[in-house]
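Model, not experiment: these values are computed from the prediction.
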Amino acid sequence: MKRTHHCNELRPAHIGQTVTLSGWVHSRRDLGGLIFIDIRDREGRTQTVFDPSDLTPELFAQAASLRSECVVSLTGKVRHRPEGTNNAKIPTGEIEVGITGLEVLNMAEVLPFAVDDPEVASKVNEELRLQYRYLDLRRPEMARNLKVRSKVAIAARSFMDEQGFLEVETPTLFKSTPEGAREFLVPNRREAGTFYALPQSPQQFKQILMVAGVEKYFQLARCYRDEDLRADRQPEFTQLDIEMSFIDREDIYALIEGLLKRVWKTALNIDVPTPFKRISFEEALNRYGIDKPDTRFGMELVDMTEDFKASTFKVFSGTITAGGVVKALNAKGMAGATQGQIETMTEYAKSFGAKGLAFIKVEGGEWKSPIVKFFSEAEKAALTTKLAIQEGDLILFAADQWLNACEILGKIRLYCADVLKAQGKLVIDPKQFNFLWVIEFPLLGFDREQNRWYSSHHPFTAPVTEDIPLLKTDPKKVRGQHYDIVVNGVELGGGSIRIHQPNVQKTIFEELLAIPPEETKLRFGYMLDAFKYGAPPHGGIALGFDRLIAILCNTPSIRDVIAFPKTAKGTCLMTDSPSQVSAKQLRDLYIEVKAKPPTAPAAPAAPTAPAK
RNA sequence: GGGGGUGUAGCUCAAUUGGUUAGAGCGCUGCCCUGUCACGGCAGAGGUUACGGGUUCGAGCCCCGCCACUCCCGCCA
């Protein structure tokens with residue numbers, strides 16, 4: 001019996017037709033003399049009815065023996081439900097199928113967890129969900145996530161195609177380029193002691209493709225980073241990777257705005273207004289204390305440096321004298337913060353090297369604070385005005401070097417928003433999406449410990465043209481032609497206009513990043529070579545595809561939008577990988593495992609060390 | 001590498017200050033039930049309290065260790 005319809009297809013218009021549905025037993029309601037079975041497939045579910053007057057006793061008994069998640073093929077006639085028994089909760093709720101034929105395709109054992117009840121299933125321990133991922137993915141919520149992912153991938157591909165882009169596949173067996181994230185290494189059987197690395201991104205290949213004259217490249221590219229995991233970080237993940245020639249930043253902005261417009265329309269039927277707002281790195285830090293601001297709520301940082309320059313409160317005035325700033329944040333309605341909450345915020349401040357966290361609770365018409373006694377009337381007045389202080393507010397201060405002060409309060413701002421959300425005092429519309437370009441990042445940062453400059457994005461990022469002379473005189477002031485696309489406080493992606501002149505690239509590598517010329521040659525020689533033979537000006541961007549889908553599916557974890565994700569320790573609970581390999585496999589690869597094999601039988605961690 | 005949280009029946013969770021035989025709902029098994037859709041009713045089975053030690057007359061609860069999952073910091077050019 002081959003299916004004639006899917007389980008979300010039958011409507012009153014089909015009444016009278018004989019149909020066959022195939023799928024899983026979603027739920028069974030056995031009334032004794034009458035059995036209802038909801039059959040479910042990828043599309044939805046349909047109620048079927050087993051009435052003994054239409055069936056042989058054997059068939060009826062077989063229906064009674066089915067349990068949840070058995071796979072069946074059911075044949076019968078579509079009919080109206082009796083008066084008053086329609087089910088408005090499902091699209092097929094006006095009809096039912098009176099069954100005359102039943103074929104059991106596969107019986108199911110009792111399940112380790114329920115997949116039919118969304119309330120229960122969504123709370124099941126993730127460990128169990130990952131172990132039985134094939135059951136987890138049957139849940140309508142997860143099936144929807146997979147569907148959104150597929151639809152968005154296809155929409156993105158067709159949009160890029162319409163814009164004249166070519167999708168080009170780049171190698172996943174690549175060269176180790178030990179800058180940036182730790183890489184996964186792949187031993188080479190053909191020559192002892194040599195290794196491939198899995199790419200952290202197709203960055204270098206896509207730039208080479210520009211030299212190759214591809215002009216417009218994109219790829220849904222799998223990338224690998226051997227770093228610790230988070231809710232939004234997996235060791236392998238997907239990027240929508242893009243590169244274009246003969247363009248400037250505006251072209252990238254316009255392209256991505258068009259792409260995201262298409263994606264949001266496809267996935268959520270939402271019309272995203274464009275162009276997106278833009279904010280400089282400096283302004284983002286000044287106002288929100290972070291380079292990926294969530295602008296769906298206020299509580300912006302306020303600069304109080306001028307007002308406390310001559311304060312008798314030495315913690316503030318001293319910091320200012322030392323070249324620092326005083327910034328403040330009004331956490332509206334948080335005067336009732338608990339000791340524990342203040343403690344948490346203080347810990348944030350301390351993690352940035354601050355000694356403590358100054359605060360004022362505005363309660364009962366009073367400023368309750370250990371530091372207010374040091375403030376002059378003028379200082380208090382300045383605070384009241386600039387921070388719009390009202391009853392019930394909590395004012396928090398950071399006095400430190402500019403970047404630190406901003407980042408401390410940025411962290412606290414997000415923490416306060418979480419607290420207020422949990423208390424219901426801050427409500428954010430789940431359909432609100434604040435897109436934002438963050439631009440004009442500093443090209444370089446300085447590592448005090450290693451006493452050298454490092455690229456804040458990556459070493460191929462071009463400086464803003466008018467800042468190029470500063471490279472040799474004041475590198476700190478050089479802005480990069482780098483841009484991040486941010487939505488609701490999540491970094492969706494980033495990119496830059498690249499350096500296409502070999503001499504500028506050489507300056508960056510050798511003079512600023514202080515990579516010895518031999519090493520530059522070894523690691524990036526082929527790129528510098530390529531740039532000698534006619535490299536067009538080019539630039540690009542990469543969007544985190546998993547994060548994009550997670551935002552569209554309204555889930556905080558990208559594991560929910562990846563079919564087979566890894567746990568926080570990088571293992572796959574379903575296949576039990578990584579696993580140990582045979583002695584012969586290791587021998588072929590010239591690898592000797594020196595660490596002791598794990599003693600616990602259920603935890604094969606299989607640490608491998610390269611043979612050297 | 002560091003910090004926090006969790007782990008009790010197949011699942012989700014209870015269990016007073018350390019005190020009787022570790023409970024409930026769902027699921028499961030059996031019986032009854034012809035209009036249910038969270039079907040209903042009756043009965044029943046089901047526990048190494050993650051694991052290993054310790055303290056105690058007595059430990060799910062306290063202590064030490066360990067494992068797994070999870071969140072965060074570091075890390076992620």
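- Phosphate proximity of B:A68 to A:K569: present, with a side-chain N or O under 4.0 Å from OP1 or OP2.
- Contact of A:R233 with B:C76 (side chain to base): a donor-acceptor pair of N or O atoms is detected under 3.5 Å.
- Across all strands shown, B:U6 forms a Watson-Crick or G-U wobble pair, both distances under 3.5 Å, with B:A68.
- For A:F36 and B:U36, the ring-to-base geometry satisfies the stacking test (centroid distance below 5.5 Å, interplanar angle below 30°).
- With the nearest nucleotide of RNA chain B identified for both A:R29 and A:Y454, A:R29 has the one nearer the 5' end.
- Using a 4.0 Å cut-off, no side-chain N or O of A:S351 falls inside it from OP1 or OP2 of B:C73.
- The A:A568 side chain lies nearest to B:U70 when the options are B:C69, B:U12, B:U70.
- Taking atom CG of A:L34 as the reference point, atom C1' of B:G40 lies 14 Å away to the nearest angstrom.
- Taking the six-membered ring for Trp, A:F174 and A:Y196 have ring centres at least 6.0 Å apart.
- Residue contacts shown for A:R79 include a base, since a base heavy atom lies under 4.0 Å away.
- The nearest whole Å value for the distance from the CD atom in A:E69 to the P atom in B:C28 is 12 Å.
- Here side chain to side chain donor-acceptor pair (under 3.5 Å) pairs that include residues 233-243 of chain A, with residues two or more places apart or in two chains, are A:R149-A:T238, A:K206-A:D241, A:K206-A:E243, A:Y217-A:D241, A:R222-A:E236, A:R222-A:T238, A:E236-A:K566, A:E243-A:R498.
- Not counting sequence neighbours, A:F237 has no partner by the ring pair (Phe, Tyr, Trp, His ring centres under 6.0 Å) test.
- Residues A:I499 and A:Q501 meet the side-chain proximity criterion, which asks for heavy atoms closer than 4.5 Å.
- The interatomic distance linking A:Q234 (CD) with B:C75 (P) rounds to 21 Å, in whole Å.
- Searching all strands for a Watson-Crick or G-U wobble partner of B:A43 with both distances below 3.5 Å returns B:U29.
- For B:C69, one of the phosphate oxygens OP1 or OP2 lies less than 4.0 angstrom from a side-chain nitrogen or oxygen of A:T571.
- Mapped onto RNA chain B by nearest heavy atom, A:P112 and A:Q47 fall at different nucleotides, with A:P112 at the one closer to the 5' end.
- Between A:K411 and the phosphate of B:C73, there is a side-chain N or O to OP1/OP2 separation shorter than 4.0 Å.
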